[in-house]
Every structure is written in structure tokens, then in C-alpha cells.
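Computed over heavy atoms, backbone and side chain alike; hydrogens, waters and symmetry mates excluded.
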Amino acid sequence: MKRSILLFVTCLISAAAWAQNPLVTHMFTADPTARVFDGKLYVYPSHDVVPPKGFDAPRFCMPDYHIFSLENGATWKDHGRVLDQNEVPWGEKNGYGMWAPDCVKKGDKYYYFFPSKPKDGSSFRRIGVGVSDSPTGPFKWEKNYIKGVNGIDPGVLIDENDAYLYFGGGHELMVCKLKDNMVEVDSTPIKVEGLPGGYKEAAFPLKHNGLYYLTFAHVFADEGYTIGYATADNPFGPFQYRGKIMDNINTGTNHHSIVNYKGDWILFYHYWDLSGFNKLRSMRADYMTFKEDGTIKKVVPTLRGIGTPTLGDTIQVDRHNGIHHAKVEMVSGNEPAGWMVTETKMMSHVRFNRVDFGTGKANKMSARIACGQRVGNFEIRLGHPKGELIADFSVEHTGGWNQWMTLNTPMKPVKGVHDIVVVFKGEWGSDKVVNLNWLLMSDDPNFEQL
Ligand code: FUB
């Protein structure tokens with residue numbers, strides 16, 4: 001067993017070497033529930049923070065919720081705080097228990113479901129609801145929690161005109177039907193039958209090809225925290241366990257959701273590589289596949305993740321698809337949290353797949369670099385290290401390997417989606433040409449195309 005865990009962790013570390021995850025780096029985000037509304041991708045995560053000093057806050061310290069949407073090809077917009085713990089009409093003040101939420105659309109209204117600690121002390125968590133005309137709020141919060149529902153992790157299924165609420169954390173998950181008003185139960189919650197033994201939480205239901213899927217976080221005694229799924233021919237079950245969607249990736253928790261966006265299935269989940277601490281998590285996403293027979297192919301986590309960066313999106317080349325004779329490390333100095341390509345030896349290169357050059361309007365490429373010397377250049381090529389050269393940057397002395405600045409250079413017109421390779425050139429024997437954080441393409445009237 002130990003050997004297989006070791007092998008898996010090794011695989012995860014090397015997956016890190018092929019892989020734009022986490023999705024955001026300006027704050028910690030966990031429990032991502034992704035939804036597509038009118039063709040646009042939104043994520044409704046929870047928010048981990050460092051507990052305030054001297055305050056008896058819980059270890060998962062979660063004060064509020066933000067909403068994110070995917071803009072352009074790979075930029076996540078933070079719509080700001082949508083609910084603070086102290087605005088929950090029925091919630092305990094400073095309870096820091098704003099755990100995993102969900103948001104669904106029924107008719108032309110959006111319903112945001114969230115757990116919080118009730119001030120009446122009636123349960124560990126109750127589930128509240130807010131209603132809005134927009135997926136990003138503002139929401140009108142119900143004065144009371146949903147009567148008859150005790151527990152965490154709401155996951156809602158809209159099946160034609162009916163809505164079902166799954167929830168719970170423990171050895172059982174629960175389900176009930178919601179009334180048309182979406183804020184009251186229409187049936188007493190019952191245990192979901194047919195699920196495997198062991199601790200479960202993070203119920204996320206979906207319907208695919210007429211089959212009901214209940215996906216959930218599931219702890220195996222010998223493996224730990226996995227994401228599993230079960231299917232049934234009706235929302236109340238009984239369900240049949242069908243296997244794992246993701247193995248234990250050593251996250252401590254792994255709360256997920258699944259969405260179909262522009263024809264691709266995507267699994268959202270969380271990990272904690274940005275903080276180095278499993279209670280300060282960051283949401284991630286990777287593509288997922290349903291096989292012809294309805295089973296789900298296990299998802300291997302990557303750092304590259306999803307998204308096709310285009311003009312205006314940062315191309316985080318450190319979340320690469322391939323690297324040769326260079327390394328990735330966290331940035332330091334005067335730069336926001338994240339990673340960089342470093343130890344860039346002569347002729348080292350890094351590959352990043354699926355960049356959308358659009359209709360060929362980009363004429364400028366920018367690069368965020370830190371450099372402690374002045375010799376060398378790095379080239380942006382299409383497809384492979386000897387592919388067509390589309391931009392060339394001469395390195396600058398930025399003041400040191402931790403001092404960051406943005407360089408600009410003209411680029412050739414390129415159309416469509418291509419993989420790119422950054423090739424670092426210095427002198428043989430030099431260990432570091434430059435530290436590179438990100439690239440960005442733009443259409444700048446002050447620049448001429450190469
Ligand atoms: O984020 C707090 C709790 O941890 C969630 O409600 C669970 O699903 C687990 O991710």
C-alpha cells in the first residue's frame with residue numbers, strides 16, 4: 001500500500017511538471033461549484049482565510065463568499081463578496097463557518113444555497129438560500145434557514161421543473177425535494193441508499209443521458225480522500241456506486257463539481273499548493289471524460305488545467321505542458337503570489353499548449369521577468385523548440401532575480417489556436433538566462449507587427 005501511495009504522489013508531482021491551475025491566486029478559494037448559465041461559466045467557491053490572531057476561529061476559517069466568472073479565454077473575474085458571515089440573518093456572528101455553497105437557475109431566478117452556523121445553536125450547520133435576478137447577485141437572503149435540513153454541502157439538481165437538494169457530511173448523504181419556491185422542503189429528507197460505506201460529503205448531483213449521477217467526496221480507510229460517483233434511474237435512488245473520479249491527491253479534503261462548458265466536461269476541485277497548507281485551499285479545474293457506457297474516466301490532476309488563453313489573458317507558462325532543463329518555483333520579491341520558470345539553462349525550453357491567437361491582430365507580446373544579468377534572449381516559437389519564431393525578447397537586468405518588470409516586444413501575426421514553446425538562450429555554462437512569470441499578447445496601436 002505504502003508503495004502505491006508513494007507511486008501516486010510521485011505521479012502527482014510529475015503531473016505538476018506537465019501541467020493554468022490554480023484558477024485564482026489573489027485569495028484562497030475552496031469547494032468550487034461550477035455552473036454554466038446562458039453559455040457563461042461561473043464558479044461559486046467558499047473562501048479560506050488565516051484565522052484572525054487571538055480569535056478563537058475554527059481551523060477551516062471561512063468568513064464569506066465571492067463569485068467568479070470566466071472572461072476571455074482564461075481570465076477569472078472576481079465579482080467580489082456576495083455574502084459575509086455577519087449578514088446571514090439566522091447565522092451566528094463571526095462563526096467562520098461559510099462552507100461549500102451552490103447556485104442554480106430555475107425559471108429566470110438564481111438561487112444561492114449555503115451552509116452556516118445557526119445562532120439558535122440547533123445544529124452544526126443549517127442551509128440558507130438567497131434569490132437573485134442575476135448569477136452574480138445581489139441576492140436577497142431568506143430570513144431563516146431551510147426548515148428540516150441539518151447539514152453541510154448543499155448540491156442541487158434541477159430536473160425539468162423539479163428541484164432536489166442533496167446535502168450532508170458523515171456516513172450518510174441525504175436528499176429531499178424542494179418546493180417550487182426553492183426555499184422550503186417538499187419532502188422529508190431521506191438517506192441516499194446504495195452509497196458505499198465510509199465518510200462522505202460534497203454531494204454534487206447531475207443528470208447525463210437520462211441517468212442520475214451523484215458524485216461525492218469519499219474517504220476510504222486505506223486510501224483517504226477520493227472523489228467517487230454513483231448512478232440511479234431516479235433522483236431519490238437507490239444509487240449504485242460506480243467508482244472513483246479522482247484518486248486521493250493528498251488534499252485533506254477534495255470538494256468538487258462537474259460542468260459541461262462548450263462541449264467539454266470539466267471537473268472542478270481544490271488543492272493547496274499555493275499556500276502549502278491544507279486549510280488554505282485553491283480551486284482548480286481539469287477536463288473530464290464520460291465514456292460511451294456512461295462511466296467516468298478517472299481525472300488526473302494537472303497544473304495546466306483548462307482554458308485557452310487569448311489576447312488580454314496572461315499565459316502562465318509556469319503551468320506548462322512540458323519543460324526541458326529548467327524548473328518551476330514560487331515567485332518571491334515584489335510580485336503577487338504564483339510561480340515562475342527558473343533555472344533556465346542555455347537551450348532550455350518550456351511548452352504551453354492551446355494558445356488562441358484569434359484573427360491575427362496581436363502585434364505585441366509582453367513578458368514578466370526578473371533577471372540578475374544582461375546576456376541572452378528568449379524566443380517564442382510555435383509548436384516545438386525549432387518551430388516558427390513569432391517573438392524574441394532580449395533579457396534586461398531588472399535589478400536581481402527577485403526584482404520584476406514587464407518587457408514588450410513586437411510579434412508576428414499568427415491566427416488560430418497553437419501550442420507555443422519558449423526557448424531560453426544565453427551562454428553555454430550559464431545556469432540562469434532569466435526568470436519568467438507570464439506572457440501576454442495584445443493589440444497595441446503603438447506597435448507594428450513584425
Ligand atoms: O470547506 C469546508 C468543508 O471542507 C466543505 O464543506 C467540505 O466539503 C470540505 O471541503
Could you list the donor-acceptor pairs under 3.5 angstrom formed between side-chain atoms of residues 382-391 and any protein atom two or more places apart in sequence or on another chain?
unit_1	atom_1	unit_2	atom_2	d
His384	ND1	Lys386	N	3.2
His384	ND1	Gly387	N	3.2

Under 3.5 Å, which donor-acceptor pairs do the side chains of residues 415-422 form with other protein atoms, sequence neighbours left out?
unit_1	atom_1	unit_2	atom_2	d
His418	NE2	Lys415	O	2.8
Asp419	OD1	Arg354	N	2.9

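In terms of the side chain to side chain donor-acceptor pair (under 3.5 Å) criterion, residue partners of Asn377 (sequence neighbours excluded) are, by chain and number, Asp392. Residues satisfying the salt bridge (charged side-chain N to carboxylate O under 4.0 Å, His left out) criterion with Lys364, sequence neighbours excluded, are Asp444. Glu92 is linked by a salt bridge (charged side-chain N to carboxylate O under 4.0 Å, His left out) to Lys117, counting only residues two or more places apart in sequence or in another chain. With sequence neighbours left out, the side-chain contact (heavy atoms from CB on, under 4.5 Å) criterion links Ala232 to Phe239. When the side chain to side chain donor-acceptor pair (under 3.5 Å) test is applied to Tyr269, the partners found at least two apart in sequence or on another chain are Arg284, Asp286. Every side chain to side chain donor-acceptor pair (under 3.5 Å) that Thr75 has, sequence neighbours left out, goes to Asp313. Every residue meeting the salt bridge (charged side-chain N to carboxylate O under 4.0 Å, His left out) condition with Glu172, not counting sequence neighbours, appears here in chain and number order: Lys191. In this view, Thr253 and His270, Arg281 satisfy the side chain to side chain donor-acceptor pair (under 3.5 Å) rule, not counting sequence neighbours. Here Glu335 pairs with Arg368 under the salt bridge (charged side-chain N to carboxylate O under 4.0 Å, His left out) rule; sequence neighbours left out. Here Leu70 pairs with Leu41, Trp76, Tyr261 under the side-chain contact (heavy atoms from CB on, under 4.5 Å) rule; sequence neighbours left out.
No side-chain donor from either of Thr226 and Asp247 sits under 3.5 Å from a side-chain acceptor of the other. Side-chain N/O atoms of Ser394 and Glu396 include no donor and acceptor closer than 3.5 Å. Using modelled atom types, one finds no donor on one side chain facing an acceptor on the other under 3.5 Å when comparing Thr29 with His66.
Geometrically, Lys279 does not engage Trp272 in a cation-pi contact defined by less than 6.0 Å to the ring centre and at most 45° from the axis.
When the shell of 6.0 Å around NE2 of His325 is examined, it contains 12 or fewer heavy atoms from other residues, nucleotides or ligands.
Taking each heavy atom of Asn21 and Thr302 in turn, the nearest pair found is ND2-O, 2.9 Å. Nearest heavy atoms, Val434 versus Ala370: CG2-O, 3.8 Å. Residue Tyr44 comes nearest to Pro101 through the heavy atom pair O-CG, 3.6 Å, listed as atom of the first residue, atom of the second, then distance. Considering all non-hydrogen atoms of both residues, Pro309 and Ile315 come closest at CB-CG1, 3.9 Å.
The shortest side-chain heavy-atom distance between Pro51 and Pro58 does not fall under the 4.5 Å cut-off.
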